[in-house]
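Input: a single structure, listed below in structure tokens.
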Amino acid sequence: MVGKDNASQEVFIVGAHYDSDSSDPEHAPGSTDNGCGVAAVLELARVMSTHTYNHTLVFAFCARDKFRGDPPAIIKILYLLSIIFTNSL
């Protein structure tokens with residue numbers, strides 16, 4: 001959501017990750033916290049989209065936050081945003 005204040009370069013990010021993976025369909029340890037986080041961000045985006053804000057708001061999601069060798073979710077989200085803002089997408 002693009003903010004009203006064009007002079008402001010501040011961006012507020014609301015993010016969540018979803019990464020639960022299990023070979024046992026009866027046991028998905030991350031489904032509760034990941035599912036709740038994603039649902040909360042989606043609801044925030046829905047409610048907040050009916051208002052205007054001075055600063056730009058970004059609602060972002062990424063996968064695989066806690067697997068071996070993967071960077072934390074916030075690093076992935078910031079990288080994605082740097083590409084978006086650099087290329088004015």
Side-chain angles (χ1 to χ4, degrees):
M1 296 172 29
V2 177
K4 294 187 305 184
D5 184 359
N6 293 335
S8 174
Q9 294 184 354
E10 290 183 320
V11 175
F12 291 87
I13 304 166
V14 182
H17 66 89
Y18 47 94
D19 63 4
S20 186
D21 189 10
S22 177
S23 59
D24 179 359
E26 299 296 320
H27 182 72
S31 60
T32 302
D33 66 334
N34 297 333
C36 291
V38 170
V41 173
L42 286 170
E43 182 64 5
L44 280 170
R46 184 189 71 80
V47 171
M48 295 176 80
S49 69
T50 63
H51 303 279
T52 57
Y53 301 94
N54 289 331
H55 303 292
T56 296
L57 305 174
V58 175
F59 300 91
F61 304 92
C62 70
R64 300 193 69 180
D65 181 45
K66 297 177 184 170
F67 288 82
R68 284 179 275 133
D70 279 0
I74 189 64
I75 300 299
K76 293 180 194 178
I77 290 171
L78 291 173
Y79 175 72
L80 173 65
L81 291 174
S82 72
I83 292 171
I84 290 170
F85 285 102
T86 299
N87 294 298
S88 299
L89 300 177

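- The shortest non-hydrogen separation linking V41 to F61 is CG1-CZ, 3.5 Å.
- For the atom pair OG1 (T52) and CG (D5), the distance works out to 12.0 Å, reported to the nearest 0.5 Å.
- Here the closest heavy-atom approach between residue H55 and residue E10 is recorded as CE1-OE1, 3.0 Å.
- The salt bridge (charged side-chain N to carboxylate O under 4.0 Å, His left out) check on E43 picks up R46, with sequence neighbours excluded.
- Y53 and V2 fall into different hydrophobic clusters, where Ile, Leu, Val, Met, Phe, Trp and Tyr residues are linked whenever their side-chain heavy atoms come under 4.5 Å apart, directly or through other members.
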